[in-house]
Amino acid sequence: MLLHIPDVLTAEELADLQGRLRSADWTDGRETVGRQGAPVKHNQQLPDSSPLKAALGTIVLAALQRNPLFFAAALPLKILPPRFNRYHGGGHYGFHVDGAVMANDAGGYLRSDVSCTLFLSDPDDYDGGELVISDTYGEHEVKLPAGDLILYPSSSLHQVNPVSRGERTASFFWVQSMIRDDAQRRLLWEMDTSIERLRQSQADSVAVLQLSGVYHNLLRRWSEV
Ligand code: NI
């Protein structure tokens, strides 16, 4: 499931991140890529050891924490600390699949179920830079307003088109979901959103309660925590 989550960051947070990234020390993005991705990755990143990366990541994680849409769609168990990248001067990242298992800072591991890109540049400020996600329905080009997030299954092939004018900065990270399977996660998401809509429309409260019970019992059946 591809899901666009608008306004993840407030205007103040976005301005703060943009300002601090403008004067950041960027390094070659190939610092954090496996053998499969290295030949096709042409961008820059904040180094993993960068205090700025940690500080900005904390802001992103706090924003996710207060976002009910993100929680309902990703059902996050663990989130890898957010990273930050920049594409400019033709920078791009050819088709690849993200690593399935990633080491986290604490010496443990995280399985990548859900990939997220949080756009940080105004789309009018650069040309190209679309995130292209390929799935069984074809290719989807994604270029969102600054502060908005796209969430997609980590199993998808994806690429970032060359940035031919201006620069594109973004935050990206992976989520290990309580629900490993994308189709199950999608069913839960659809059920959750329709229950919420029924609740807001003052529908039969007994039926809504019963449906909520079904949702939670499916979550109980399918979740790994
Ligand atoms: Ni990727």
Exam field: side chain [X] to backbone [Y], donor-acceptor pair closer than 3.5 Å:
{"X": "D182", "Y": "R185", "value": "no"}
{"X": "D192", "Y": "L188", "value": "no"}
{"X": "T117", "Y": "F172", "value": "no"}
{"X": "D98", "Y": "S154", "value": "no"}
{"X": "H96", "Y": "G94", "value": "yes"}
{"X": "Q176", "Y": "R111", "value": "yes"}
{"X": "S50", "Y": "K53", "value": "yes"}
{"X": "S223", "Y": "V225", "value": "no"}
{"X": "S156", "Y": "D135", "value": "no"}
{"X": "S164", "Y": "G128", "value": "no"}

>> I need the full list of side-chain hydrogen bond (donor to acceptor under 3.5 Å, both in side chains) pairs touching residues 54-76, with sequence neighbours left out, sorted by first then second residue.
In response: E13-R66

Are [Y] and [X] connected in a single hydrophobic cluster, I mean Ile/Leu/Val/Met/Phe/Trp/Tyr linked by side-chain heavy atoms less than 4.5 Å apart?
{"X": "I59", "Y": "L61", "answer": "yes"}
{"X": "L187", "Y": "Y215", "answer": "yes"}
{"X": "I133", "Y": "L151", "answer": "no"}

>> Counting only heavy atoms not in D25 (residues, nucleotides, ligands), do more than 12 fall under 6.0 Å from its CG?
In response: no

Quick one, [X] and [Y] - any side-chain contact, counting heavy atoms below 4.5 Å?
{"X": "L2", "Y": "H140", "result": "yes"}
{"X": "L3", "Y": "I150", "result": "no"}
{"X": "F84", "Y": "L21", "result": "yes"}
{"X": "P76", "Y": "F70", "result": "yes"}
{"X": "F173", "Y": "P81", "result": "no"}
{"X": "Y126", "Y": "Y87", "result": "no"}
{"X": "H4", "Y": "D148", "result": "yes"}

> If you measure from the Lys or Arg side-chain nitrogens to the Asp or Glu carboxylate oxygens, is any gap between R83 and D48 under 4.0 Å?
Replying inline: yes

>> Working note: V175 + D113, criterion side chain to side chain contact (heavy atoms under 4.5 Å, CB included); need CA distance, chi angles, decisive distance, verdict.
In response: CA-CA 6 Å; V175 178; D113 295 320; over 6 Å; no

>> Taking transitive links into account, so neighbours of neighbours count too, which hydrophobic residues share a cluster with Y137 at under 4.5 Å side-chain distance?
In response: none

>> Does either side chain, that of H92 or that of N43, offer a donor lying less than 3.5 Å from an acceptor on the other one?
In response: no

> Just checking, any donor-acceptor pair under 3.5 angstrom between side chains of Q159 and N161?
Replying inline: yes

> What pairs of residues pass the salt bridge (charged side-chain N to carboxylate O under 4.0 Å, His left out) test when at least one of them lies in residues 163-177, not counting sequence neighbours?
Replying inline: R86-E167, D127-R165

>> Y109: which residues meet the side chain to side chain contact (heavy atoms under 4.5 Å, CB included) condition with it, sequence neighbours left out?
In response: V101, A103

> For D125, which residues count as a side chain to side chain contact (heavy atoms under 4.5 Å, CB included) partner, sequence neighbours excluded?
Replying inline: D122

>> If the condition is salt bridge (Lys or Arg N to Asp or Glu O under 4.0 Å), which residues does E139 pass it with, not counting sequence neighbours?
In response: none

> Is it true that Y152 and H158 have ring centroids separated by less than 6.0 Å?
Replying inline: yes

